[in-house]
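In what follows, a structure is listed as structure tokens, so that the remarks can point back to it.
Only a predicted model underlies this, so the values are computations on that prediction, with no experimental measurement involved. Hydrogens, waters and symmetry mates are skipped; everything else that's a heavy atom, side chains included, is used.
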Amino acid sequence: MQCSLCSSKAVYYQRYSSRHLCKKHFLRDFYRRVKRAVAKYKMIESGDKIALAMSGGKDSVTLAHALMELYGKRRDLEFVAITIDEGIEGYRPPTVEIAKKVCRDLGIEHVVVSFREEIGLNLDKMVELGKRNACTYCGVFRKYLLNKTAKELGATKLATGHNLDDETQTILLNFLNADVERLARLVPQRVQKGLVYRIKPLREIYEKEVVIYAIVNNLPVSLEECPYSRFPARAIVRDFIYEFEKKYPGRKFSIMRSFEELLPCLHKMYPQIELGECKICGEPTAREICKACELKKELGII
């Protein structure tokens with residue numbers, strides 16, 4: 001098929017706009033939506049040092065490449081990448097190598113932080129010893145180490161590779177779980193002491209488009225799924241949104257826009273609380289002891 005905007009060969013059919021796009025016009029549209037999301041939420045500002053959460057998967061690799069293409073030449077910005085090595089045998093080592101290669105190619109400073117060195121146990125051992133599921137340990141300790149490391153590196157923003165599919169699934173899942181307060185926290189209202197402000201530049205980009213971007217730019221990415229990944233409720237929501245989008249293209253944008261319309265009300269209902277410091281590690285928390293230290297206690301690490 002020919003591109004709908006020129007005579008070149010199309011590489012992608014954008015269903016919601018009914019357009020076939022060649023590589024040039026696909027990238028132009030991709031970058032336009034990334035810049036629009038960045039501008040809408042003031043994600044990137046002069047003087048920022050942006051830490052990229054770099055797993056080596058398609059989302060983080062695409063995020064790093066796109067941001068460097070759009071903002072890498074600006075002298076008023078600085079970029080650094082953080083890879084968290086949870087210690088998942090057979091899964092994490094190859095992605096760490098991909099992350100290293102991508103950062104070398106892009107000229108980004110790269111820091112690898114491991115669960116074993118920083119927490120005391122790798123994830124495989126936590127699952128063996130603990131009573132909670134792997135995703136609980138992984139989610140808590142990853143966030144803890146990303147924030148801690150970003151602060152140590154002097155970062156002002158922490159960028160993650162969440163795409164439109166991720167965001168719409170989370171929005172609908174929180175709504176179905178009646179977790180309105182968590183829904184309100186999806187977009188931070190302001191910078192909080194001790195927390196590096198999180199940004200999601202790919203929030204307007206379909207997951208499929210993330211993959212296409214990686215392919216047309218010949219980027220080394222891992223498409224392997226984590227062996228601990230078990231989200232039955234999210235999988236049902238994901239499949240529902242997929243079928244809805246297939247029948248009515250553009251519905252993922254509709255979910256996002258509806259959420260954005262509700263944000264002012266959600267923020268008024270659930271204003272951000274002031275955070276204190278964990279009395280054990282000093283990291284920000286709403287309680288006396290942060291969740292990471294609570295899990296460390298359970299595991300007998302502290």
Q. With under 30° as parallel and over 60° as perpendicular, where do the rings of Tyr137 and Phe141 fit, or are they tilted in between?
A. parallel
Q | Donor-acceptor contact present, side-chain Glu204 to main-chain Val38, <3.5 Å | A | no
Q.
I'd like to know if the side chain of Asp166 and the backbone of Asn163 have a donor-acceptor N/O pair within less than 3.5 Å.
A. yes
Q. Given Glu283, which of Lys291, Lys151, Lys148 fulfils the salt bridge (Lys or Arg N to Asp or Glu O under 4.0 Å) condition?
A. Lys151
Q | Over 12 non-hydrogen atoms of neighbours within 6.0 angstrom of NZ in Lys9 | A | no
Q: Supply the atom-to-atom distance Ile171 CD1 to Ile255 CD1, rounded to the nearest 0.5 angstrom.
A: 7.5 Å
**Q.** Atom NZ of Lys49 with >12 non-hydrogen neighbours under 6.0 angstrom
**A.** yes
Q: Return the set of residues passing side chain to side chain donor-acceptor pair (under 3.5 Å) with Ser46 (not counting sequence neighbours), or none when no residue passes.
A: Asp76
Q) Rounded to the nearest 0.5 Å, how far apart are CD1 of Ile199 and CD of Glu45? A) 9.5 Å
Q: Starting from the C-alpha separation in whole Å, work towards a yes-or-no answer on side-chain contact (heavy atoms from CB on, under 4.5 Å) for Asp124 and Ile88.
A: CA-CA 6 Å; Asp124 289 340; Ile88 305 173; 4.2 Å; yes
Q) Please walk me through it: do Ile119 and Met126 pass side-chain contact (heavy atoms from CB on, under 4.5 Å)? A) CA-CA 10 Å; Ile119 305 299; Met126 291 177 190; 3.6 Å; yes
Sequence neighbours excluded and cut-off under 3.5 Å, please list the side-chain donor-acceptor pairs for residues 99-111, or say none.
unit_1	atom_1	unit_2	atom_2	d
Lys101	NZ	Asp105	OD2	2.7
His110	NE2	Thr83	OG1	2.6

Q) For Tyr213 and Tyr12, does a side-chain donor sit closer than 3.5 Å to a side-chain acceptor? A) no
(Q) Tell me whether Leu158 shares a hydrophobic cluster with Val61, the cluster being built from Ile, Leu, Val, Met, Phe, Trp, Tyr side chains joined at under 4.5 Å. (A) no
Q: Inspect the surroundings of CZ in Arg32 and state if more than 12 heavy atoms from other residues, nucleotides or ligands are less than 6.0 Å away.
A: yes
Q.
Within a 6.0 Å radius of atom CZ on Phe175, are there more than 12 heavy atoms belonging to other residues, nucleotides or ligands?
A. no
Q.
Using ring centroids (six-membered ring only for Trp), state whether Tyr206 and Tyr16 fall under 6.0 Å.
A. yes
**Q.** Criterion side-chain contact (heavy atoms from CB on, under 4.5 Å) on Ser8 and Lys24, from CA distance to verdict
**A.** CA-CA 9 Å; Ser8 300; Lys24 182 182 80 171; over 6 Å; no
Q: Return yes if some donor-acceptor pair links the side-chain N/O of Asp29 with the main-chain N/O of His25 below 3.5 Å, else return no.
A: no
Q: Rounded to the nearest 0.5 Å, what's the gap from CZ on Arg203 to CG on Leu186? Could you check?
A: 8.5 Å
Q: Show your working on side-chain contact (heavy atoms from CB on, under 4.5 Å) between Glu181 and Arg185 and close with a plain yes or no.
A: CA-CA 7 Å; Glu181 184 174 359; Arg185 295 202 302 267; 3.6 Å; yes
**Q.** For Lys279, all residues meeting side chain to side chain donor-acceptor pair (under 3.5 Å), sequence neighbours excluded
**A.** Glu288
(Q) Between Arg15 (side chain only) and Lys246 (backbone N and O only), is there a donor and an acceptor less than 3.5 Å apart? (A) yes
(Q) Within a 6.0 Å radius of atom NZ on Lys143, are there more than 12 heavy atoms belonging to other residues, nucleotides or ligands? (A) no
Q) What do you reckon, is CD of Glu117 surrounded by more than 12 foreign heavy atoms closer than 6.0 Å? A) no
(Q) How about OH on Tyr41, more than 12 heavy atoms from neighbouring residues, nucleotides or ligands closer than 6.0 Å, or not? (A) yes
Q: Classify the angle between the aromatic ring planes of Phe244 and Tyr248 as parallel (below 30°), tilted (30 to 60°) or perpendicular (above 60°).
A: perpendicular
